[in-house]
Amino acid sequence: MTRRFPESAPNIAALATAIADPTRVMICASLLDGRAWTLTELSRALSIPMSSLSEHASILIDHGVLAERREGRHRYVQIASTDIADDFGIDIEPPRSSTRPNVRRCLDWTERRSHLGGVLGDELCREFLDREWIVRRPKSRALKITPTGRTHLDWVLTTQEDHL
């Protein structure tokens, strides 16, 4: 059975553009529980330098993905809308008794590049496989973008950070 996604589906282009960077995905995924975190807390929890985290948070705030609140010298951020995960059709279950994180940076040992790991990475991969945007290569753990996937993901793949 092939799933179809009508043209009337929610336009997620603006949201996806804002989180087109793996670091910004990690920030958003860490905030999906609805709590407000200080940038210092996020920096420590995600092992991201404070200057980099601040820059990524500003992009997410500018695109309306995160809401910002300042209290004294602390800058708190949280997801601006609880509908963001729903816009992507992703349902992240509350952590089970497993120690597996919802989101983490994962180093691909073949490419020597980081990619999105954890529960969120698995859910995105599963969703892209279901939509037939990616397929598994035979006798390999590698994935390949399909022509349909290229149509839907090309704007993400060609987005450069300075255009965000």
Sub-3.5 Å donor-acceptor pair from the side chain of Arg24 to the main-chain atoms of Ala18, do we have one?
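Checking the backbone N and O of Ala18 against the side chain of Arg24, a donor-acceptor pair under 3.5 Å is found.
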Just by modelled atom types, is the Trp133 backbone N or O under 3.5 Å from a matching donor or acceptor in the Thr148 side chain?
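Checking the backbone N and O of Trp133 against the side chain of Thr148, no donor-acceptor pair under 3.5 Å is found.
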Determine all donor-acceptor pairs shorter than 3.5 Å in which one atom belongs to a side chain in residues 41-52; sequence neighbours excluded.
unit_1	atom_1	unit_2	atom_2	d
Glu41	OE1	Thr38	N	2.8
Glu41	OE1	Thr38	OG1	3.4
Ser43	OG	Ile48	O	2.5

Give the minimum heavy-atom separation between [X] and [Y], together with the two atoms involved.
X     : Y     : answer
Ala80 : Gly64 : CB-O, 3.3 Å
Asp21 : His56 : OD1-CE1, 3.5 Å
Cys28 : Ile79 : O-CD1, 3.7 Å

Non-neighbouring partners of Ser30 that pass side chain to side chain donor-acceptor pair (under 3.5 Å), sequence neighbours left out
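Counting only residues at least two positions away or on another chain, Ser30 forms no side chain to side chain donor-acceptor pair (under 3.5 Å).
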Under the side-chain contact (heavy atoms from CB on, under 4.5 Å) rule, what do Arg141 and Arg136 come out as? Steps first, then yes or no, please.
CA-CA 7 Å; Arg141 48 187 276 287; Arg136 296 192 185 278; over 6 Å; no
With sequence neighbours excluded, tell me which residues meet salt bridge (Lys or Arg N to Asp or Glu O under 4.0 Å) with [X].
X     : result
Arg75 : Glu68
Asp62 : none
Arg73 : none

Residues in ring-ring contact (aromatic ring centres under 6.0 Å, His included) with Tyr76, at least two apart?
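Here no residue qualifies.
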Side chain proximity check, Ile61 to Val77, heavy atoms < 4.5 angstrom:
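Of all side-chain heavy-atom pairs linking Val77 with Ile61, at least one is under 4.5 Å.
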Quick one, Leu66 and Ile27 - any side-chain contact, counting heavy atoms below 4.5 Å?
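Yes; the side chains approach each other to less than 4.5 Å.
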Identify the residue among Leu124, Leu129, Asp130 that makes a side chain to side chain contact (heavy atoms under 4.5 Å, CB included) with Arg126.
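So the option named by the test is Asp130.
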